[in-house]
*Asks:* 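Dumping the structure here so I can ask a few things about it.
Because the structure is a prediction, the values reported are computed rather than measured. Each chain gets a letter, A, B and so on, in the order its sequence line appears, and its residues count up from 1.
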Amino acid sequence: MANVKPEDMGKPSEYIARPEELMPLPAPYDKPGMEPEFKPIKDSWKEDFCTSLDGFVGNDTLSRPKTKEEEQEMIKKFLSGLDKLFSDETNRGYLQPLTLSFEYCAKCNTCSEACHTFKASGETEIYRPIFRSEVLRKIYRKHKNGDSLLNRFVGGDIDINIETIMRLGELAYRCNLCRRCAQTCPLGLDNGLLAREIRKIFSMEMGIAPKPLHEKGTINQLRTGSSTGLNKAALLDVIEFIEEDIYDKTGKEYKIPIDKKGADILLTHNAGEFLAWPENPAAFAIIFEEAGLNWTLSSEMIGYDNVNYGIFYDDAQAKKIGLEQFKAARDLGVRKIVIGECGHAHKAATVSMDRNVAGPDNIPRESFLPLLHEIIKKKAIKQDPSRNNFPVTLHDPCNMARMMGLIMPQREIIKTICPQFREMTPNGAKNYCCGGGSGFAIMNSFNFPEFRNKISSRMKFKQILNAFQDTIEDPEIPKYVCAPCSNCKGAIRDILDYYETTAKFNVHYGGLVELVVNAMPQFERPFLDFLDEEAGMM
Amino acid sequence: MALLLFIYLSVGAFIGISLYKAYTYAKMPLHGRWELYPVPKEAGERGHYGGSYYEELEWWKKPRKISHVGEIKEMLKEMIFIKNLFVNQKRQWWLSYSLHLGIYLVGLWTILLLTGALLELSGTPVAASQQTSNSAFMVSFIYYATIFSGLVGAALLTIGSGGLFIKRLVNNTFSRYTTPQEYLNLLFLCAVSVSGLVVWAGDPAFNYGREVLKGLLTFSPIHAGTALTVHILLLGALLIYIPQTKMSHYVGKYFAFHKVLWENEPNIPNSKMEQKVKENLSYKPKTSWSAPHINPGAMASEEK
């Protein structure tokens with residue numbers, strides 16, 4: 001649909017918009033054939049889900065209603081949820097920011113230039129940050145004031161039909177909630193917030209949210225203790241495995257403290273690290289032990305998984321999980337919680353949950369970054385930067401940088417231990433999202449990974465390629481993208497795999513603590529597998 | 001007399017409705033933290049590069065360093081120059097800034113007219129003077145500054161509002177998102193400034209403005225010709241209209257920056273914030289969301 005407008009959301013068409021001319025990538029991906037093409041959409045998806053937005057299915061529980069009655073029921077529920085968004089009974093925690101962003105947009109389009117998804121998609125209209133917000137405004141006005149001429153005059157000109165609702169349910173999952181757009185808004189308004197509020201209507205009123213976030217995410221976490229399904233027994237097995245692995249790599253035996261009552265620090269990890277990147281908790285254990293810290297992990301319900309996907313789509317789920325995590329720390333009697341390499345867990349525990357807790361459960365919480373910086377600065381562990389003598393760049397997780405103001409500690413650390421460090425552009429608080437933010441990194445249903453790899457992660461891929469332009473085409477030189485966040489690592493892992501960048505150009509990714517341990521001269525073998533010939537032979 | 005009452009009414013409505021809007025936002029419940037860095041009240045370099053107290057080890061033990069100067073500086077840059085638009089979208093800034101600077105100058109013009117009216121009521125006519133005394137210089141300054149601010153303000157407001165109207169009309173992207181009301185808003189501003197320029201053309205020293213204000217100050221009838229009557233009616237209607245629309249972003253912008261994006265006050269035990277949090281947490285909502293994982297009872301009762 002050419003020249004698509006917000007009021008077209010309810011009009012019948014195969015797609016509202018389909019991204020075509022994507023943002024060009026730098027060398028060596030500027031040559032034909034370097035990038036996989038979009039795959040065709042299956043007819044069965046069209047029948048059962050909402051492909052009519054842009055051809056992608058991200059919200060895998062947003063099923064098409066089978067009857068007219070079901071359609072009407074779904075619309076009714078959406079509108080009831082919309083009312084609840086604007087109520088100080090049901091949306092107390094976000095009413096003020098929501099109302100401000102809802103009321104005052106001057107539509108100057110400054111936000112569009114800041115949005116990585118809009119730019120990377122070749123400026124596909126529906127990804128413009130104000131497109132989604134404007135649809136919401138039109139629906140609200142129509143819902144509240146009906147179909148009068150006056151209402152059309154003020155912008156209530158939209159059909160509230162099942163197509164509008166379904167498409168909006170998908171469109172809420174085309175924004176990473178990175179809030180880069182809000183940084184540029186002259187009025188301080190936030191289209192990311194509005195995307196999240198739309199997600200809340202679907203989840204909190206209609207019970208519709210992507211399975212990886214809800215059913216397999218927060219529901220699973222509240223039931224089993226972890227969004228990965230990892231229970232206590234499995235966790236203890238994994239920790240034993242990690243201890244063995246550390247011994248194999250370093251020749252030194254470390255005992256990882258678990259459930260140590262009265263420890264100074266409760267270290268929390270994204271449980272995905274235990275399963276997908278065990279070298280990360282291993283590196284933390286080595287550093288904390290070598291620095292002589294009094295610390296522990298928890299094996300109690302939710303205490304070992306700092307994930308809180310609720311902050312992406314559902315305030316109620318976020319609160320339940322957040323409070324359980326604080327309770328686990330309180331039960332252990334620790335002095336503080338230190339959050340490991342997970343961006344959204346940083347924000348959830350320190351910022352999002354901060355006004356949901358009072359009294360004894362309000363245990364101090366901090367990022368691992370100032371602590372690690374202190375360890376490096378005070379030389380509590382010995383470091384040899386020459387062991388990291390290869391090009392390294394740093395990705396700033398949005399939840400740490402833009403939403404928490406954590407900018408300098410990671411730079412101070414990495415500059416100390418990586419002689420060939422180079423920044424991405426832009427960086428720090430002005431960074432671009434990895435494209436996996438707000439749950440995208442784990443949403444792998446249908447063809448959504450294509451959207452992520454080709455569109456939402458495209459700007460980050462461009463930044464990575466630009467950071468390594470001097471060596472990118474030399475496969476002999478290893479290059480490292482440091483991403484101190486599980487979800488960001490997941491998204492970067494996927495783009496490096498999708499574009500075969502590791503295989504063809506020797507670009508690797510990983511966390512910050514792995515670089516720190518790799519620089520420890522007391523260990524003979526490198527800690528990073530891609531540098532370790534012995535690991536390569538295994 | 002009717003014209004006089006209308007002016008009182010419109011000024012009162014502008015102030016009253018604006019204050020009511022501010023009050024409505026101010027009394028909303030404590031919201032969850034939703035700050036966005038850079039937060040300019042973070043002291044030192046942090047306010048610039050986007051750092052925060054979270055960069056410090058055991059931040060809760062350290063005294064909070066807040067730079068009110070940093071916050072005010074950033075606020076003034078945004079208020080006076082619309083900095084974010086200048087930095088991120090210069091092409092749009094020229095027209096938008098023209099409109100806003102026009103409004104600021106018209107505001108200054110109103111203050112100068114008021115000063116002039118008070119002077120004249122106290123027996124000092126406001127006119128260009130050849131005398132060199134300090135008081136004569138001040139009167140001359142007010143006289144010329146009134147002409148400058150009124151004329152330049154109205155001209156910039158006309159260019160800005162008219163230019164933005166045309167841009168929204170002809171630019172394919174802007175036109176897609178512009179509602180009829182938003183066109184009206186710009187036209188309304190343009191009509192008021194053009195009508196003001198028409199009145200000015202017949203009285204380049206803005207003596208009519210001082211006469212109107214003298215009438216307002218002494219509660220005396222205003223003698224207005226057709227052009228001035230039309231201008232006063234349009235301006236008054238605009239003053240009543242603005243606070244009821246999103247043109248009242250002078251209210252919203254304060255809350256959006258100060259109470260949302262730059263509000264990063266942590267909930268530390270025994271702090272004022274903790275008290276607020278406790279009060280907020282003690283609130284028991286009368287209704288709830290309906291999804292099964294939140295309110296299983298709601299679904300069951302609906303099915304009955």
*Asks:* Please round to the nearest 0.5 Å and tell me the distance separating atom CG of A:L406 and atom OH of B:Y37.
*Replies:* 8.5 Å
*Asks:* Just so I know, are the side chains of A:D314 and B:I294 near enough to count as touching, which here means a heavy-atom distance under 4.5 Å?
*Replies:* yes
*Asks:* Shorter than 4.5 Å, heavy atoms on both sides: which option in A:N109, A:L189, A:D88, A:I201 has the most such pairs with chain B?
*Replies:* A:N109
*Asks:* I'd like to know if the side chain of B:E55 and the backbone of A:I407 have a donor-acceptor N/O pair within less than 3.5 Å.
*Replies:* yes
*Asks:* How long is the straight-line distance from OH of B:Y250 back to OH of A:Y104, given to the nearest 0.5 Å?
*Replies:* 8.0 Å
*Asks:* Could you check if a side-chain atom of A:L95 sits within less than 4.5 angstrom of a side-chain atom of B:H31, using non-hydrogen atoms only?
*Replies:* no
*Asks:* What residue in B:N264, B:T178, B:V87, B:N172 has the most heavy-atom pairs under 4.5 Å with chain A?
*Replies:* B:N172
*Asks:* Do B:S290 and A:E205 have side-chain N/O donor and acceptor atoms under 3.5 Å apart?
*Replies:* yes
*Asks:* Taking the side chain as every heavy atom from C-beta outward, state whether B:L57 and A:E366 have any atom pair closer than 4.5 Å.
*Replies:* yes
*Asks:* Within the 4.5 Å heavy-atom criterion, are B:Y54 and A:S367 side-chain neighbours or not?
*Replies:* no
*Asks:* For each of A:C111, A:C108, A:S101, A:P409, tally heavy-atom pairs with chain B at distances under 4.5 Å, and name the one with the top tally.
*Replies:* A:C108
*Asks:* Have B:S288 and A:K84 got a donor and an acceptor in their side chains that come within less than 3.5 Å?
*Replies:* no
*Asks:* Step by step, work out the salt bridge (charged side-chain N to carboxylate O under 4.0 Å, His left out) result for A:E89 and B:K286.
*Replies:* CA-CA 7 Å; A:E89 286 289 313; B:K286 294 172 197 72; 3.6 Å; yes
*Asks:* Side-chain contact, heavy-atom cut-off 4.5 Å: B:W34 with A:D190?
*Replies:* yes
*Asks:* Go through the atoms of B:I82 and report whether side chain, backbone, both or neither lie under 4.5 Å from a heavy atom of chain A.
*Replies:* side chain
*Asks:* Can A:E134 and B:R176 be counted as an ion pair, charged N to O under 4.0 angstrom?
*Replies:* no
*Asks:* Measure the shortest side-chain to side-chain distance between B:Q92 and A:T110 over non-hydrogen atoms and say whether it is less than 4.5 angstrom.
*Replies:* no
*Asks:* Please round to the nearest 0.5 Å and tell me the distance separating atom CZ of A:F102 and atom NZ of B:K246.
*Replies:* 11.0 Å
*Asks:* Donor-acceptor pair, distance only, cut-off 3.5 Å: does the side chain of B:R46 make one with the backbone of A:G405?
*Replies:* no
*Asks:* How close do A:R355 and B:E265 get, heavy atom to heavy atom, and via which atoms?
*Replies:* NH2-O, 3.0 Å
*Asks:* B:N88 side chain to A:C185 main-chain N or O, any donor-acceptor pair under 3.5 Å?
*Replies:* no
*Asks:* Determine the option with the most heavy-atom pairs under 4.5 angstrom with chain B, choosing from A:C105, A:G428, A:A114.
*Replies:* A:C105
